Amino acid sequence: MCGIIGYIGEKDTQQVLTTGLRKLEYRGYDSVGIAVFNGESVQVQKSKGRLEELQQKLDQTPLLGSIGIGHTRWATHGEPSNENSHPHTDANKEFAIVHNGIIENYLEIKRELIEEGYTFQSETDSEVISHLFSFFYNGDMVSTIQRVVKRLDGAYALGVVSEHEPDRLYAVREASPLIIGAGEGEALISSDIPAVLEHTRDIYILEDGEMAILTKEDVTLLETETGIELNRDLFRPDWDMEQAEKNGYDHFMLKEIHEQPTALQKTMAGRFNKDKVSVEFDELQWSDQQVKQWDKITIVACGTAYHAGLIGKHVIEELTRIPVDVEVASEFRYRRPIVNEKTLVIVVSQSGETADTLAALRQSKHLGAHVLAITNVVGSSIAREADEVILTMAGPEIAVASTKAYTTQVLTFYLLGIYLADRKQTISNDYHEQLLQSIAEIPNKIEEILTHSNSIRWYSESIKDANSVFFIGRGLDYPVSLEGSLKLKEISYIHSEAYAAGELKHGTLALIEEGTPIIALITQDEVSEKMLGNIKEVKARGAQVLGVAGEGKMDIWEYVDECCYIPNSLSILTPLLTVIPLQLISYYTSLALGNDVDKPRNLAKSVTVE
Ligand code: M6R
């Protein structure tokens with residue numbers, strides 16, 4: 001995945017591009033570059049590595065001009081290098097392009113262009129696009145773009161500048177996100193909204209099969225294939241830059257962990273009717289007939305969103321008795337899933353752009369299922385293609401490690417479970433009331449855990465040198481263990497595994513030795529005794545156990561070395577609480593190890609390629 005930015009206007013173009021790229025770094029950060037038209041020719045500067053390295057080059061040789069494009073890359077075709085960085089140009093530098101996505105037929109195009117005498121500087125799929133511009137240019141950029149995109153198979157968001165039209169910036173979208181900012185006397189393109197908010201709040205969200213022509217004065221949207229002009233309402237985000245910046249925290253991840261009480265409050269706002277006796281989803285237009293017809297629910301997602309789905313399964317099955325499958329999207333899409341018009345498919349994705357989840361959504365629709373998306377990004381591909389959308393209200397999540405998006409997804413599953421239970425009348429009024437009451441208390445309980453975050457910090461010091469950390473739990477504590485383990489490995493780079501505690505003795509127990517750190521979640525009352533038995537098993541092999549349990553559970557001191565208490569709540573709701581210390585443990589461990597917390601190695605925020 002990559003981030004693209006483009007600017008036309010009177011400001012310092014180089015600066016607008018580099019500041020925009022800084023905000024897009026979460027999309028990729030192994031190489032970076034910009035191209036600026038200086039009135040005579042297109043000048044390009046690029047660099048392997050982070051933006052700082054490009055900045056050093058630009059400090060020596062600034063690029064001046066009033067139109068330009070920029071790109072921050074996460075390598076897919078060709079290693080991170082100066083040559084493989086974008087922007088790419090044709091041989092005469094008449095055209096410069098930035099690309100996010102994948103050109104699936106680039107080898108075939110490259111072969112044809114080489115036969116025509118074109119030479120290539122990079123190993124990327126994207127470079128074919130700049131040469132195609134040169135090959136097809138006929139004096140008119142719109143028809144040239146139409147001819148270029150006809151040759152491309154795959155996904156692309158493009159920003160294009162040409163010395164033939166130095167007062168126009170072009171943007172094209174097909175299956176990769178792209179937005180347009182229409183400012184006063186200036187206009188921008190970007191892969192994501194935060195990168196343009198400093199300049200304007202007037203946003204157009206480009207759709208697949210559309211292109212835009214940007215001048216200083218105006219923005220024109222066209223259907224790419226026909227050139228027909230389009231009318232599109234402006235989108236004005238109601239969150240501000242401060243929300244997208246660190247706001248005094250050292251890292252986005254820490255800020256986002258602390259934003260969870262507010263994010264959850266926003267996600268539940270307006271969902272309870274005024275007497276808190278029912279949950280409402282105005283966006284769901286489900287007839288009784290439809291609800292009756294669904295004989296199962298299939299949840300599809302990747303990574304952390306998949307872990308939220310595992311909790312969703314437990315909750316929906318418990319409250320409604322409807323069977324629920326949960327599948328990893330990259331597996332689902334390559335088998336013949338049993339999904340049809342009797343299935344409600346729920347795809348979960350923070351970004352709304354994850355390629356495998358999007359493919360699973362399309363496949364499910366093709367098979368006749370009704371698809372509901374739970375996503376955090378308005379106008380994302382998944383939001384647009386699903387039959388219905390529930391938006392989580394987490395606000396922009398910048399850190400690669402997902403925190404507030406996860407808890408808002410989990411909360412959405414609780415609300416959805418109760419909503420379905422209401423429709424199917426599968427829970428008692430008392431339990432219903434108790435659930436809603438307890439859900440409303442969750443944000444304050446998270447606040448309480450966060451005020452004690454320093455008492456969790458010491459634990460990171462004790463695991464930072466471990467070779468391996470194990471997370472164990474039973475019932476709902478197991479999917480939370482999976483999430484805690486993923487969080488730890490992705491930002492601390494310490495090997496970690498999560499186990500359903502009862503499974504340990506079927507193999508993994510062999511790995512437990514003197515001093516092995518184990519984080520044991522003990523919040524599920526029905527299996528609490530069993531869990532204590534499992535802790536005994538690992539203690540007997542010398543493990544060092546940190547227990548995470550509900551306040552007042554004093555008997556566990558007999559079994560664990562240390563304990564982290566969370567406020568009490570209904571057993572079914574504890575996942576929203578237990579995950580908070582686990583997020584903090586991974587954050588502080590990554591910090592103690594001196595890692596780049598927000599941008600872990602080898603990972604990008606949103607995985608828009610397979
Ligand atoms: O944007 P999505 O929710 O579809 O992303 C799915 C995963 O890539 C994501 O949850 C990933 O596992 C997290 N960044 C891990 O913290």
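In each ligand, atom 1 is the first atom listed, and ligand 1 is the first ligand listed. Computed from heavy atoms alone, side chains included, the values below leave out hydrogens, waters and symmetry copies. These numbers come from a predicted model, not from an experiment.
- Here the shortest heavy-atom distance to atom 6 (C) of ligand 1, taken over C302, G303, A301, belongs to C302.
- With ligand atoms numbered from 1 in the order given, ligand 1 contributes 13 (C), 14 (N), 16 (O) to contacts under 4.0 Å with heavy atoms of V400.
- Ranking protein heavy atoms by distance to atom 9 (C) of ligand 1, first place goes to T304 N, 4.1 Å.
- Under a 4.0 Å criterion applied to the non-hydrogen atoms of A401, ligand 1 contributes the atoms 16 (O).
- Side-chain contact annotation: E497 with T508, donor-acceptor N/O pair under 3.5 Å absent.
- Against a heavy-atom cut-off of under 4.0 Å, A305 is close to the following atoms of ligand 1: 3 (O), 10 (O).
- Checking S402 against E397 by side-chain atom types alone, a donor-acceptor pair falls below 3.5 Å.
- Using modelled atom types and a 3.5 Å distance limit, the side chains of T392 and Q409 yield no donor-acceptor pair.
- In terms of modelled atom types and a separation under 3.5 Å, the side chain of N595 and the main chain of Y493 share no donor-acceptor contact.
- Closest protein heavy atom to atom 5 (O) of ligand 1: T354 OG1, 3.4 Å.
- With no hydrogens or angles considered, no side-chain donor-acceptor pair links E256 and Q583 at under 3.5 Å.
- With a 6.0 Å cutoff to the six-membered ring centre and a 45° limit on the axis angle, R173 does not count as a cation-pi contact of Y156.
- Contact analysis leaves K605 out of contact with ligand 1, as no non-hydrogen atom separation drops below 4.0 angstrom.
- Using a 3.5 Å distance cut-off with no hydrogens or angles, the side chains of Y406 and H307 do not pair a donor with an acceptor.
- Near S349, meaning under 4.0 Å from one of its heavy atoms, ligand 1 places the atoms 1 (O), 2 (P), 3 (O), 4 (O).
- When every heavy atom of A157 is checked against every heavy atom of I4, the shortest pair comes out as O-CD1, 3.6 Å.
- Counting protein heavy atoms only, atom 8 (O) of ligand 1 is closest to V607 CG2, 4.1 Å.
- Per-residue contacts place K487 under 4.0 angstrom from the following atoms of ligand 1 (heavy atoms of the residue considered): 15 (C), 16 (O).
- For atom 1 (O) of ligand 1, the nearest non-hydrogen atom of the protein is S351 OG, 2.6 Å.
- Only the side chain of E490 comes within 4.0 Å of ligand 1, counting heavy atoms alone; its backbone N, CA, C and O stay farther away.
- Ring orientation note: the planes of W294 and W286 are nearly perpendicular, at an angle over 60° on the 30°/60° scale.
- Heavy-atom contacts of Q350 reach the following atoms of ligand 1: 1 (O), 2 (P), 3 (O), 4 (O) (cutoff under 4.0 Å).
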